[in-house]
Amino acid sequence: MKRLSAAVAALILLLVSAPSGLAMGTPAGTDITSQATVVYTFGGNVYTLHSNVVTTTVIELLDVDVVWQDAAPVPVYPGAVAEILTFRLTNTGNGTDSYALDGLSALAGDDFDPLVTDIYLDSDGDGVLIPATDALYLPGTNDPQLPADGWVNIFVLNDIPGSVTEGQRGDCQFTASSTTGTGVPGTVIPGGGEAGLDAIIGTSGGSADQIGSYRVSALPVELIILKSAVVNDGSGGNEPVTGAIITYTLTVATTGVATALAVVITDAIPVHTTYNPNTLTLNGGALTDTVDADGGDVAGTTPDTVTVDLGDLVVGAPVQVIAFTVTID
Amino acid sequence: MRRALLILVPILMLISAGAAVAADRSIELRTVAETDIKVIDAAGKEQTERVTATKIVPGDEVIYTVYFTNRGNDATDDVVITNPVPEHMFVRQIETSQRPMLVVVSVDGGSQYGSPRDLTITDAGGRTRPVQPSDYTHVRWTLQEPLAPGAEGSVSFRAQLQ
């Protein structure tokens, strides 16, 4: 019972989200009547007569429009799942109609094929997919029903293959088709319209589609730097007194799934300390204090600062260890 | 039985009175609504065929024609035919009539009539602009000559369903 009432609430919200004041076409079922009047003079008297009343019935026009809502290709990473493309489905006909939805990602003209997994209806009309409140689309079961000029946002979810690379584009085509009928514009569907009226297929052919795109982004990379200090006061202890030597150690590790490009580590020499020349090391190997090919320097690139150029750190690169010592003034 | 007879008598009187008017001094007025459809003829060429408009959809054009005939025995004067534009319809154009006519329109629901050239519309912002056919609420034709017995004619406008 609780589930049922939730479903009913979702349906009501779907209908409420349709704008009411934007009616463009005369509603199906409207009777258009016309009657003329003549006034004339005969024998000095003025007479007024009316013509017959002619009635024309407005039948249901089946038309639909789909517009991709994302401003630009949706950024994705290789192997990402349930990535969302948003489309707006609008009933541009003049009567209530419902629509069958379909997503197709095996398209030519792009760089890779995403894989359609699910389609959701934006039941609460907030433009954001919330699986708890937005309805999973089940073909033939909850085909969205829209009044004339009503619209609903549709979320099409795709998985992204793991093999894609940065900059590649993958397209997905979303299609909405009138369940009353599709086909050649002008085709009449006797009794197929609202309240048993005839329906006629409009210029859209009763079906609309549009393509949305994903683009593979630069992959997420994060550097983790840990710094530690060991004090040696020269008398077997670790009191930070004048003359004590501090050994600083920086470990640099990468996480993520891509290469960290042109990594440069800088570390300022603490105030009240003096760098001990020729103590800079990288992974245990000495680096000169001057700016040269070894990538490390002290106070050369930046005053009072240790600089070490680590270059590119690929996925799974070993932890880089930088060390140097200072003496407390 | 007696009751039924009593009611029947006045009805018969009314009908005969109406028939007398129709025979002697009546203009017969008949409105038709038609639409042009494209058909392919036997030779495979596209032809336009005008058919009665019974079912239409938004965007369709309907030609409303009023046929008038003088069924009386004498000419009638000052024949004025008024045809309100149906709700949901916009006039596209007023068709030319074969008889000399003065054509005026109303854009205010039939209160005032005038030549479209002379009428203006004031919008909600206070700006005034010339009227367009889509503003018309009524079209009125005035025959510029008496209508002889048996004479007939028609007036029409073309309108589009919103």
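Heavy-atom basis, side chains included; hydrogens, waters and symmetry copies ignored.
Two residues are said to be in side-chain contact when any heavy atoms from C-beta on lie closer than 4.5 Å; B:Val139 and B:Val103 meet this criterion.
Salt bridge status for B:Asp60 with B:Lys55: absent, with no side-chain N to carboxylate O gap under 4.0 Å. Between B:Arg158 and B:Asp36, at least one side-chain N (NZ, or NE/NH1/NH2) sits under 4.0 Å from a carboxylate O, which counts as a salt bridge.
Of all residues in residues 185-203 of chain A, those placing a non-hydrogen atom less than 4.5 angstrom from a non-hydrogen atom of chain B are A:Asp198, A:Ile200.
Interface check for chain B: of the options A:Thr48, A:Asp63, A:Thr57, A:Val46, the most heavy-atom pairs under 4.5 Å are formed by A:Thr57. Per-residue heavy-atom pair counts under 4.5 Å with chain B were compared for A:Val54, A:Asn52, A:Leu61, A:Val58, and the maximum is reached by A:Asn52. In terms of heavy-atom pairs under 4.5 angstrom with chain A, the leader among B:Ile81, B:Val79, B:Thr82 is B:Thr82. Of the listed residues A:Val53, A:Val38, A:Asn94, A:Thr30, the one with more heavy-atom pairs under 4.5 angstrom with chain B than any other is A:Val38.
Counting non-hydrogen atoms of neighbouring residues, nucleotides and ligands closer than 6.0 angstrom, the CD atom of B:Glu95 exceeds 12 such neighbours. Atom CZ of B:Arg92 sits in a sparse spot, with 12 or fewer heavy atoms from other residues, nucleotides or ligands closer than 6.0 Å. Atom CZ of B:Arg129 sits in a crowded spot, with more than 12 heavy atoms from other residues, nucleotides or ligands closer than 6.0 Å.
Within the 4.5 angstrom heavy-atom criterion, only backbone atoms of A:Thr33 (N, CA, C, O) approach chain B. Of the atoms belonging to B:Thr31, heavy atoms from both backbone and side chain fall under 4.5 Å from chain A. At a 4.5 Å heavy-atom cutoff, the contact between A:Thr55 and chain B is made by backbone atoms alone.
Panel note: side chain B:Thr52, backbone B:Thr54; no donor-acceptor pair is recorded below 3.5 Å.
Below 30°, between 30° and 60°, or above 60°: for A:Tyr47 and A:Tyr40 the angle between ring planes is below 30°, a parallel geometry.
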Decide side-chain hydrogen bond (donor to acceptor under 3.5 Å, both in side chains) for A:Ser98 and A:Thr179; before the verdict, give the C-alpha distance in whole Å, the side-chain angles of both, and the deciding distance to 0.1 Å.
CA-CA 6 Å; A:Ser98 60; A:Thr179 57; 2.6 Å; yes
